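Working notes, beginning with the structure itself.
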Amino acid sequence: MLLVIPYFILWGLWGKYFRKIVTEGLKYVGDYYIDENYKIPPLSSVKININGKCAIIINGGTGWATIRINGGPREKVFKIRLLNAVGTLEIINESRFFPIIVSIRRSP
């Protein structure tokens with residue numbers, strides 16, 4: 001039983017600090033922003049035009065997504081990604097079974 005207690009403590013600390021990372025990441029965009037939510041079905045993608053700072057939050061399913069900026073190389077993303085780019089952002093759900101919900105907070 002004593003060996004299980006540290007597991008619960010570490011799990012609680014992980015959750016606390018992960019929430020803090022996400023809330024601070026959302027502040028990255030600034031005071032004026034546009035919030036958008038997309039539900040991406042399995043094996044599908046969405047293209048979005050971005051102009052400057054952008055925070056991507058991935059919920060549901062696996063928590064993993066693949067992004068491409070301006071048709072460049074694919075990058076795997078887990079839960080949160082901060083970007084500062086201009087152009088087209090493609091978000092790809094490579095899961096075969098689970099849809100993902102993507103929240104994007106971007107500068108206007």
Side-chain angles (χ1 to χ4, degrees):
M1 186 67 179
L2 290 175
L3 295 174
V4 177
I5 293 171
Y7 173 77
F8 291 116
I9 292 170
L10 290 174
W11 186 256
L13 290 173
W14 192 119
K16 177 183 174 183
Y17 286 111
F18 184 75
R19 283 190 297 275
K20 188 170 186 151
I21 290 169
V22 170
T23 56
E24 292 299 320
L26 290 175
K27 293 179 185 176
Y28 170 73
V29 178
D31 295 332
Y32 304 103
Y33 54 82
I34 299 169
D35 268 335
E36 298 173 336
N37 293 317
Y38 298 96
K39 184 174 182 179
I40 305 174
L43 299 174
S44 298
S45 66
V46 171
K47 290 188 179 182
I48 304 155
N49 290 325
I50 57 173
N51 187 17
K53 292 183 177 181
C54 178
I56 303 168
I57 308 290
I58 301 163
N59 297 314
T62 61
W64 285 94
T66 304
I67 63 170
R68 293 178 75 182
I69 302 169
N70 295 326
R74 292 176 175 230
E75 299 175 28
K76 295 292 263 185
V77 175
F78 180 71
K79 294 289 186 184
I80 186 168
R81 175 67 193 262
L82 306 176
L83 296 173
N84 191 2
V86 176
T88 304
L89 170 67
E90 182 179 11
I91 303 171
I92 306 163
N93 181 6
E94 293 184 347
S95 173
R96 295 187 184 275
F97 304 108
F98 301 108
I100 58 172
I101 299 168
V102 179
S103 301
I104 297 177
R105 183 176 281 188
R106 62 185 177 95
S107 57

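Please read these numbers as outputs of a predicted model, since none were measured by experiment.
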Worksheet item: Between Ile100 and Ser95, does a side chain to side chain contact (heavy atoms under 4.5 Å, CB included) hold up when you go through it step by step?
Response: CA-CA 9 Å; Ile100 58 172; Ser95 173; 5.8 Å; no

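- What you find for Ser103 and Asn37 is that their closest heavy atoms are OG-OD1, 2.8 Å.
- The backbone N or O of Thr88 sits less than 3.5 Å from a side-chain atom of Asn70, completing a donor-acceptor pair.
- Ile40 contributes atom CD1, which lies 16.0 Å from atom CZ of Phe98 (distance to the nearest 0.5 angstrom).
- Here the CG-CD1 distance, from Leu89 to Ile104, works out to 6.0 Å after rounding to the nearest 0.5 Å.
- Linking ILVMFWY side-chain heavy atoms closer than 4.5 Å, directly or via other members, places Ile21 and Leu26 in two distinct hydrophobic clusters.
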Practice prompt. Take Tyr28 and Asn84, measure what side chain to side chain contact (heavy atoms under 4.5 Å, CB included) needs, and give me the verdict at the end.
Written response: CA-CA 10 Å; Tyr28 170 73; Asn84 191 2; 3.5 Å; yes

Practice prompt. Mind running side chain to side chain contact (heavy atoms under 4.5 Å, CB included) on Val46 and Val102 for me, showing each step along the way?
Written response: CA-CA 10 Å; Val46 171; Val102 179; over 6 Å; no

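- Put simply, Val77 and Val22 are part of two different groups of oily side chains (I, L, V, M, F, W, Y) that touch within less than 4.5 Å, one to the next.
- One N or O on the side chain of Ser107 and one on the backbone of Asn51 form a donor-acceptor pair closer than 3.5 Å.
- Judged as a side chain to side chain contact (heavy atoms under 4.5 Å, CB included), and not counting sequence neighbours, the contacts of Pro99 are Lys39, Pro42.
- Both Leu13 and Ile5 are members of a single hydrophobic cluster when ILVMFWY side chains are connected at heavy-atom separations under 4.5 Å.
- Separating the CD1 atom in Ile56 from the NZ atom in Lys79 is a distance of 14.5 Å, to the nearest 0.5 Å.
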Item to complete: Run the numbers on Trp64 and Glu94 for side chain to side chain contact (heavy atoms under 4.5 Å, CB included), then give the verdict.
Response: CA-CA 8 Å; Trp64 285 94; Glu94 293 184 347; over 6 Å; no

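- Interatomic distance, Ile58 CD1 to Arg81 CZ, rounded to the nearest 0.5 Å: 10.0 Å.
- Between Ile69 and Ala85, the shortest heavy-atom distance links the atoms CG2-CB, 4.1 Å.
- With rounding to the nearest 0.5 angstrom, the CZ atom of Arg106 is 8.5 Å from the CD1 atom of Ile50.
- Here the CD-CD1 distance, from Glu90 to Ile48, works out to 10.0 Å after rounding to the nearest 0.5 Å.
- Residues Tyr17 and Phe78 fall into different hydrophobic clusters, defined by Ile, Leu, Val, Met, Phe, Trp and Tyr side chains chained together at heavy-atom separations under 4.5 Å.
- For the side chain to side chain donor-acceptor pair (under 3.5 Å) test, no residue two or more places apart in sequence or in another chain qualifies with Arg68.
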